[in-house]
Q: 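Sharing a structure with you now.
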Amino acid sequence: MPIPQGIPNCPPGLEYLTAVDQLLVHQQVELLEAFTGFETANKYTVKNTLGQKVYWAVEDTTCCTRMCCGPDRPFDIKIMDNFQNEVLHLRRDLRCKSCCFPCCLQKLEVSAPPGNVIGTVVQKWSLCRPVFDIRDRNNETVLTIRGPVCQCPCSDIKFAVFTKDGTEVGKVTKQWTGFVQEHFTDADNFGINFPMDLDVRVKATMLGALFLIDYMYFESSDNKKVRR
């Protein structure tokens, strides 16, 4: 995908995001993990609707962290362009995700360039459904993501995105990939939609939210799907 030119006030490498309102994220199938249960670092490709590769992402964790903490592990994810330049950095510390402990729920920082925080994804306390705030670099909530109360295991799962006034403006969708892939690997496919004119930093933070949702609700535990 060619890089859009002349985008003012845009972090380097995020010019792609100004020209799209939808992205597809595909997690690579790891055969070693599928056959042995040995948890490997996750890898993803990010494409536009034409199938053109926009970014690729790789988890940066230790073997010990992956095996001991499972899907709850802290992680860094490096998101790189097609020239292997890191344009986004996602960081998730080890925190609680139980509704019984509302004081220390999940949080993910999004940096572009690495070291410059442009947004955060903050889990909100909720008994019935997943809820996340998308916050800008000033820590102001600009969007809210609400997941379903229950998840049908054999269909797409939608996490709707709302503005502060309750208008739905986008979604993060976990796509059903078929019985074999769903039950024998933890390689997931996602789609993300947002308004074309949304601030590019908020788009990047929404992309970060997609990865957090994957780890929290769809990453395997003992090679079995986790459905919370």
Q: Taking N82 for the side chain and K53 for the main chain, is one N or O donor matched with an acceptor at less than 3.5 Å?
A: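 Side chain of N82 to backbone of K53, a donor-acceptor pair under 3.5 Å: yes, one is there.
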
Q: Supply the atom-to-atom distance R73 CZ to M67 CE, rounded to the nearest 0.5 angstrom.
A: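 The CZ atom of R73 sits 10.0 Å away from the CE atom of M67.
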
Q: Any sub-3.5 Å donor-acceptor pair from D133's side-chain atoms to R135's backbone N or O?
A: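 No, D133 side chain to R135 backbone: no donor-acceptor pair under 3.5 Å.
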
Q: Could you give me the CA-CA distance, side-chain angles and deciding distance for D81 and Y16, then say whether side chain to side chain donor-acceptor pair (under 3.5 Å) is met?
A: CA-CA 10 Å; D81 64 16; Y16 290 118; 5.8 Å; no

Q: Closer than 3.5 angstrom, by distance alone: can the side chain of R66 be matched with the main-chain N or O of T61 as a donor-acceptor pair?
A: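 Between the backbone of T61 and the side chain of R66 there is a qualifying donor-acceptor contact (under 3.5 Å).
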
Q: Is there a continuous path of hydrophobic side-chain contacts, each under 4.5 Å between heavy atoms, that joins L198 to L23?
A: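 In one cluster: yes.
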
Q: Please test H89 against K78 for side chain to side chain contact (heavy atoms under 4.5 Å, CB included), starting from the C-alpha separation and ending with a verdict.
A: CA-CA 5 Å; H89 191 96; K78 298 177 181 179; 4.1 Å; yes

Q: Supply the atom-to-atom distance E219 CD to F75 CZ, rounded to the nearest 0.5 angstrom.
A: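 Rounded to the nearest 0.5 Å, the CD-CZ separation comes out at 9.5 Å.
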
Q: Begin from the C-alpha positions of L88 and Y55 and carry the test side chain to side chain contact (heavy atoms under 4.5 Å, CB included) through to its verdict.
A: CA-CA 10 Å; L88 277 172; Y55 300 115; 5.6 Å; no

Q: Applying side chain to side chain contact (heavy atoms under 4.5 Å, CB included), run through L143 and F194 and close with a yes or a no.
A: CA-CA 11 Å; L143 297 172; F194 34 61; over 6 Å; no

Q: Examine distances only and state if a side-chain atom of K203 and a backbone atom of V20 form a donor-acceptor pair shorter than 3.5 Å.
A: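 Side chain of K203 to backbone of V20: a pair is present.
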
Q: Taking P148's backbone N and O only, do any of them form a donor-acceptor pair with R129's side chain (distance below 3.5 Å, no angle check)?
A: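 No.
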
Q: Please walk me through it: do I145 and V121 pass side chain to side chain contact (heavy atoms under 4.5 Å, CB included)?
A: CA-CA 10 Å; I145 299 177; V121 184; 5.6 Å; no

Q: Applying side-chain hydrogen bond (donor to acceptor under 3.5 Å, both in side chains) between Y215 and each of Q106, E59, R92, report the one that passes.
A: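 For Y215, the side-chain hydrogen bond (donor to acceptor under 3.5 Å, both in side chains) test succeeds with only one of Q106, E59, R92, which is E59.
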
Q: Report yes if the side chains of L127 and W125 come closer than 4.5 Å at any heavy-atom pair, otherwise no.
A: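 Of all side-chain heavy-atom pairs linking W125 with L127, at least one is under 4.5 Å.
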
Q: Measure the CG-CG distance between L24 and L50 for me, rounded to the nearest 0.5 Å.
A: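 Atom-to-atom, L24:CG and L50:CG are 10.0 Å apart.
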
Q: Hey, is CD on Q84 packed in by over 12 heavy atoms from elsewhere, all under 6.0 Å?
A: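 12 or below, so no.
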
Q: What about Y44 and F190, are their ring centers closer than 6.0 Å?
A: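 No, ring centres 6.0 Å or more apart.
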
Q: Of the options K174, H26, Q175, which is the one that meets N189 in a side-chain hydrogen bond (donor to acceptor under 3.5 Å, both in side chains)?
A: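 That would be H26.
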
Q: Do the ring planes of Y217 and F159 sit parallel (below 30°), tilted (30 to 60°) or perpendicular (above 60°)?
A: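 Y217 and F159: tilted rings.
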
